[in-house]
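All remarks here apply to the structure that follows.
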2 protein chains.
Amino acid sequence: MRRIAPDRDQLLAIVAEVFREHGYEGASLSLIGEATGLGKGSLYHFFPGGKEEMARAVIAHIDGWFEDNVFAPLRDSADPQAGIGHMFEATDSYFRSGRRVCLIGAFALDESRDLFAGQIRDYFGRWVTRLAEALARSGHRPGEASELAEETVAAIQGALTLARAADDLDVFSRALRRLRMRLGLSVKI
Amino acid sequence: MRRIAPDRDQLLAIVAEVFREHGYEGASLSLIGEATGLGKGSLYHFFPGGKEEMARAVIAHIDGWFEDNVFAPLRDSADPQAGIGHMFEATDSYFRSGRRVCLIGAFALDESRDLFAGQIRDYFGRWVTRLAEALARSGHRPGEASELAEETVAAIQGALTLARAADDLDVFSRALRRLRMRLGLSVKI
DNA sequence: GCGACATTGTACCGAATGGTACAATGAGTC
DNA sequence: GACTCATTGTACCATTCGGTACAATGTCGC
């Protein structure tokens, strides 16, 4: 049995950070090479498709993390409220309380969206759907659950933007606290 | 009296659209030249500071539009509810019901934020402050008004992201409808 | 040590990048 | 027509871009 995965995981994490900070166009191969310590030879060995394949792999990597740590708990928790609580904790931790920005959300905004439209739509679509299902199971009427889910995911994205614009992490914390309350969770102190 | 403003206005509008679609890094001088019909000679004549000055002027231009059409009505309307209603109409119209993305929000996300941090913080800060004041004047307690304003502006940004990600304009319309309701406005049919 | 293959460094490619220099043109004033 | 100054097109600059080619390594099973 061969082990490629672990190194590739942390490689993708580093590349993700470069895309996150500089955007798709702004993340040059030299920046990526510098951050990963890999030359073009290695980079193109692991990602023969070049920059576009790197971005695609990074999105899939992030998507996988959310699938495991957010979407699956939303779907599988016996207690839907517990699943939703789990979502907020994972979200707060992933975005480092607002220090980090959503790569996929950023990609959605500029013209790189066209390249990755399918992956982007999938990611957000699954997030909203899974959350809506959990809300429905916890007592909301279906239509209401759907709107509330969409509103919640959008609020998280907006809070990330605003927190970064204001350079104030509390913006994100406040948003999460309000969302927990609105979704009927007890807010931890 | 000399008239420079009108041409410069529509020039800035075109340049803004290029930045909006391609981001700061992605908006190359050749794209800008192509969109405006101007060569580098003219471009650098109007913006001696190059690309950075163009972006700065574009942000200021957008900021000015919001000052006139959103922030001022929020501050000056005798009836604060009317001012808030005006804000939603102007916002919906500016973002073309979700077809357009917020340039300043997009700039806030990637590394170009560092270049324009001050302008970006100003823009969002004034939006939140003006809205909070209007909400306070319409009866909300100050702390509550402040949180509600922050929540509303973030919700608009998030809805723009999500609408674009899902490639579904209704996401934005639904968000605006919910916000109007939450802020106590009658929703138009 | 051998062969197979994964990994890497380096040199290189044409194209595009942001930016500069400057001469030519435009239009309006006197 | 001459002067002024805003505007423009073009050629050019060094640098960087994403990407390719390939020989030189490393690393493993055998």
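Only heavy atoms go into these numbers, but all of them, side chains included; no hydrogens, no water, no symmetry mates. Naming: A, B, ... by sequence-line order, numbering from 1 per chain.
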According to the interplanar angle, ranging from 0 to 90°, do the rings of B:Phe19 and B:Tyr24 count as parallel (below 30°), tilted (30 to 60°) or perpendicular (above 60°)?
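Plane angle under 30°, so parallel.
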
Look at the rings of A:Trp127 and A:Phe66 and say which category their plane angle falls in: under 30° parallel, 30 to 60° tilted, over 60° perpendicular.
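Because their plane-to-plane angle lies in the 30° to 60° range, the rings of A:Trp127 and A:Phe66 count as tilted.
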
So, is A:Ser30 near the phosphate of D:dT16, with a side-chain N or O under 4.0 Å from OP1 or OP2?
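Checking D:dT16 against A:Ser30, no side-chain N or O comes under 4.0 Å of OP1 or OP2.
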
OP1 or OP2 of C:dA16 less than 4.0 angstrom from a side-chain nitrogen or oxygen of B:Ser28, does that happen here?
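B:Ser28 to C:dA16 OP1/OP2: no side-chain N or O under 4.0 Å.
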
Can you measure from CD (B:Glu150) to CZ (A:Arg178) and round to the nearest 0.5 angstrom?
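B:Glu150 CD to A:Arg178 CZ: 5.0 Å, rounded to 0.5 Å.
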
Atom-pair distance ([atom1] on [X]; [atom2] on [N]), nearest Å:
X       : N      : atom1 : atom2 : result
B:Leu29 : C:dA16 : CG    : P     : 14 Å
A:Glu34 : D:dC17 : CD    : C1'   : 15 Å
B:Tyr24 : C:dT17 : OH    : P     : 14 Å
B:Ile32 : C:dG19 : CD1   : P     : 10 Å
B:Lys40 : D:dC12 : NZ    : P     : 14 Å

Residues within residues 42-60 of chain B bordering DNA chain D, heavy-atom distance below 4.0 Å:
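Per residue number, the list reads B:Ser42, B:His45, B:Phe46.
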
Got a sec, which residues hit salt bridge (Lys or Arg N to Asp or Glu O under 4.0 Å) with B:Glu17, two or more places apart in sequence or on another chain?
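By the salt bridge (Lys or Arg N to Asp or Glu O under 4.0 Å) rule, B:Glu17 matches B:Arg20, B:Arg100.
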
Would you indicate whether the side-chain heavy atoms of B:Arg8 and B:Leu12 approach each other to under 4.5 Å?
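Of all side-chain heavy-atom pairs linking B:Arg8 with B:Leu12, at least one is under 4.5 Å.
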
Do B:Arg113 and A:Asp167 pass the salt bridge (Lys or Arg N to Asp or Glu O under 4.0 Å) test, and can you show the C-alpha distance, the side-chain angles, and the key distance before you say yes or no?
CA-CA 10 Å; B:Arg113 186 201 64 147; A:Asp167 201 10; 3.7 Å; yes

